[in-house]
Amino acid sequence: MTTKKKPKVYVTRKLPDAVETRMRELFDAELNIDDRPRTKSELIQAIRVADVLVPTVTDRIDAEVIDEAGPQMKLIASFSNGTDHIDVEAAARRGITVTNTPNVLTEDTADMTMALILAVPRRLAEGARVLTDNPGEWAGWSPTWMLGRRIHGKRIGIVGMGRIGTAVARRAKAFGLSIHYHNRKRVNPATEDELEATYWDSLDQMLARVDIVSVNCPSTPATYHLISARRLALLQPTSYIVNTARGDVIDEAALIKILREGKIAGAGLDVFENEPSVNPKLVKLANEGKVVILPHMSSATLEGRIDMGDKVIINIRTFIDGHRPPNRVLPFR
Ligand code: DGY
């Protein structure tokens, strides 16, 4: 009896135990038990010898790394929904297939988007700090103290009405917000009817008319600084902006400037332009209660991470068996 050689799979970060156990069973897996982020030269070293690379959003798999791939390297099975950290075009040129883990983060990400939509106007983070930072100083309830702004009855403008944008819209509707959206194309009429959603072909016009903006589109060359300084200037002074997609969809320096100048009411950010470093000016604004910032944790649930791991494994298995993997990513055109 011949036993098929297990593929050499290099995993760049620590994954949930259940996923790592399954990977050890199925593959010749090199895991990252201590979760130290891999350096560029370690990634290059890995791609030279592994059959499959499993990176995450914290690894920059650019053309320089991909060009070092050995002839055996055929699959980059990313443990991520987004693939902006991978040069998919360069991978295609080298005949390397790229896969991702769509669908399984939708509800978790939409939940946290909704949490930020509530947290900023209702001053949740500020309120929570009152009792933890200076518990003795709380003088009790007062009619004019800690006033935020009402959510119910306001208009939300969703930028990017894909799976996550639609899941945010469902939640927002349940909170009494009216749904407005901008997308490359209009969603199907049944979804529009269900959400009673208004489609805006012009992003500019939508931004000028909504109370809360939720950024839910992927990072692509076309969405880089989509929310530019010019577009931020269209927002109403009472409006809020929430971003759980990717930091570079918003011109962060311009956002900081209009927040500082009081030209919008606040922001809720789970993602940043230069992660993991966060602009100290944003931290200052957070300390002043003008923004709520989270460390890229919208999708961080154990269930979600295990589902992502299952998808990675299915993609690898299907590919190794000679079939097209279910979550193949094509170069952006
Ligand atoms: C992804 O997988 O793209 C997410 O940003 C992780 O939270």
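Counting starts at 1 for both ligands and their atoms, following the listed order. We're numbering straight along the sequence, starting at 1.
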Visitor: So that I can tick it off, tell me whether R36 and E42 are bridged by a salt bridge, with the cut-off set at under 4.0 angstrom between side-chain N and carboxylate O.
Guide: yes

Visitor: Salt-bridge test for E288 and R260: reply yes if a basic N is under 4.0 Å from a carboxylate O, no otherwise.
Guide: yes

Visitor: Just to verify, which of V187, T198, I156 counts as forming a side chain to side chain contact (heavy atoms under 4.5 Å, CB included) with Y181?
Guide: V187

Visitor: So, D310 and R22, do they make that salt bridge, N to O below 4.0 Å?
Guide: no

Visitor: Identify, with sequence neighbours excluded, every residue that meets side-chain hydrogen bond (donor to acceptor under 3.5 Å, both in side chains) alongside E261.
Guide: K257, K263

Visitor: Classify the ring geometry of Y199 against H182: parallel below 30°, tilted from 30° to 60°, perpendicular beyond 60°.
Guide: parallel

Visitor: Could you please provide the protein residues found below 4.0 Å of ligand 1 on a heavy-atom basis, arranged by chain and number?
Guide: V57, S80, N81, G82, L105, R246, H296, S299, M308

